[in-house]
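Labels below follow one simple rule: chain letters A, B, ... track the order of the sequence lines, proteins then strands, and each chain is numbered from 1.
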There are 2 protein chains.
Amino acid sequence: MTQTDPIIAVLDLGGYRLTAPRRAIAALIAGYGGHFTAAELELAARERRLGLSRATLYRALDLLIELGVIERLDLPGGDHAYVPCARAHHHHVVCSRCGRTAEVTDSGVAEAVAEIAHQTGYEISTHRLELFGLCRHCQVKTALDA
Amino acid sequence: MTQTDPIIAVLDLGGYRLTAPRRAIAALIAGYGGHFTAAELELAARERRLGLSRATLYRALDLLIELGVIERLDLPGGDHAYVPCARAHHHHVVCSRCGRTAEVTDSGVAEAVAEIAHQTGYEISTHRLELFGLCRHCQVKTALDA
DNA sequence: CCTCTGTCTAGACTGAGTCGCAATAATTAT
DNA sequence: ATAATTATTGCGACTCAGTCTAGACAGAGG
Ligand SMILES: [Zn+2]
Ligand SMILES: [Zn+2]
Ligand SMILES: [Zn+2]
Ligand SMILES: [Zn+2]
């Protein structure tokens, strides 16, 4: 609601036009706690009669990725999902039951990467780390189900 | 040529039928040093007049993944590729220029994962780490191009 | 306001991957 | 060897994500 939507802010800063579709998409994204898929966004948009075309949706996602305010995850099953996130390098832990995500820093990973570079002789420029498991919430629920 | 194709061996061990299409696919895969895509396999099969249907190809890939003799990579650009590999848990470093891959163990990563679990409270069950950079070969080539 | 141009819509299109089912062939039993 | 069993294949139609094009539209700045 407030002017402080980080996505809008970044778009503005980047000199991109603050159009109605982009504002709508930003609002939808802000509504998700964890990850969301393109299909979910599309459905949500349709339900709310926002009238955005698929093309616009995908272009917006591409742009937001480029700007680093969302990131694409490749779920173990092969599906693609997105998470809103900070722009510095980091990774995500995804709850495989409810989808909640948490960001984590490279703590410790950097050393491992350096070690790997040394062992293999590769000059490593990028890496992606994705972690999957149960969030606290779902750990409890699972315990109760037993 | 020899009976020692690891893919065939694993299929046999798992009690799966050693059919002509599977043998053909195993042979094709063995021919790749680094990663390959489903489309590449399909093309190679068509060129050699092997007459396998797409469905069979994809079913075979799924099976081989399940058996752990190949693994699916999600390239940064969003494409999917596969690498033949050992069955124990490990990760891949992919040369972003020539596609050569190397396997690396969890050395160091495990600690980082434990630390992340502790920090976030998630009970982490799986993780995927993919590294991208230049292999030794391509480092040299790049240096010469300068 | 008016213009310039970035962005949007609609809908056709592509290409990866899937599905159901009849035909085929690797195993197993006889 | 032959027949019976059933996993696997091929086909072709299908779905669905994502892309593309071209004309209409609407921000931002003057
Ligand atoms: Zn959860
Ligand atoms: Zn990292
Ligand atoms: Zn290389
Ligand atoms: Zn690992």
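With hydrogens and angles ignored, no donor-acceptor pair under 3.5 angstrom links the side chain of Arg17(B) to the base of dT9(D).
For Leu75(B) and dA16(C), the CG to C1' distance is 16 Å, given to the nearest whole Å. Glu42(B) has its CD atom 17 Å from the P atom of dT14(C), to the nearest Å. As a whole-Å value, the separation of Arg23(A) CZ from dA26(D) P is 15 Å. Atom pair His80(B):NE2 and dC16(D):C1' shows a separation of 14 Å (rounding to whole Å applied). Rounded to an integer number of Å, the gap from CG of Asp79(A) to C1' of dG18(D) is 14 Å. Here dG17(C) presents its C1' atom at 14 Å from CG of Leu41(B), a figure rounded to the nearest Å. Atom CG in Leu18(A) sits roughly 11 Å away from atom P in dG29(D) (whole-Å rounding). Going from atom CG of Asp62(B) over to atom C1' of dT8(D) covers 14 Å, rounded to whole Å.
A salt bridge links Arg128(A) with Asp74(A): the distance from a Lys NZ or Arg NE/NH1/NH2 to an Asp or Glu carboxylate oxygen falls below 4.0 Å.
Counting heavy-atom neighbours within 6.0 Å of His137(A) NE2, excluding the residue itself, gives a total of 12 or less.
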List the steps and the verdict of side chain to side chain contact (heavy atoms under 4.5 Å, CB included) for Ile65(B) and Arg72(B).
CA-CA 7 Å; Ile65(B) 287 175; Arg72(B) 211 176 91 188; 4.3 Å; yes
Candidate pair Ile116(B) and Tyr122(B), rule side chain to side chain contact (heavy atoms under 4.5 Å, CB included), full reasoning: CA-CA 8 Å; Ile116(B) 289 168; Tyr122(B) 275 62; over 6 Å; no
| message | Using side-chain hydrogen bond (donor to acceptor under 3.5 Å, both in side chains), reason through His91(B) and His127(B) one step at a time and then give a plain yes or no. | response | CA-CA 10 Å; His91(B) 306 286; His127(B) 65 259; 3.1 Å; yes
Between Arg87(A) and Val69(A), does the side chain to side chain contact (heavy atoms under 4.5 Å, CB included) criterion hold? Intermediate values first, please.
CA-CA 6 Å; Arg87(A) 283 148 86 197; Val69(A) 288; 4.3 Å; yes
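If Tyr58(B) and Tyr16(A) are placed on DNA chain C by their nearest nucleotide, the residue sitting closer to the 5' end is Tyr16(A).
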Name the pairs: protein N/O against N/O of nucleotides 8-10 of chain C, kept only if under 3.5 Å.
residue, atom, partner, partner atom, Å
dC8(C), OP1, Thr19(A), OG1, 2.9
dT9(C), OP1, Gly51(A), O, 2.8
dT9(C), OP2, Ser53(A), N, 3.3
dT9(C), OP2, Thr56(A), OG1, 2.4
dT9(C), O4, Arg59(A), NH2, 3.2

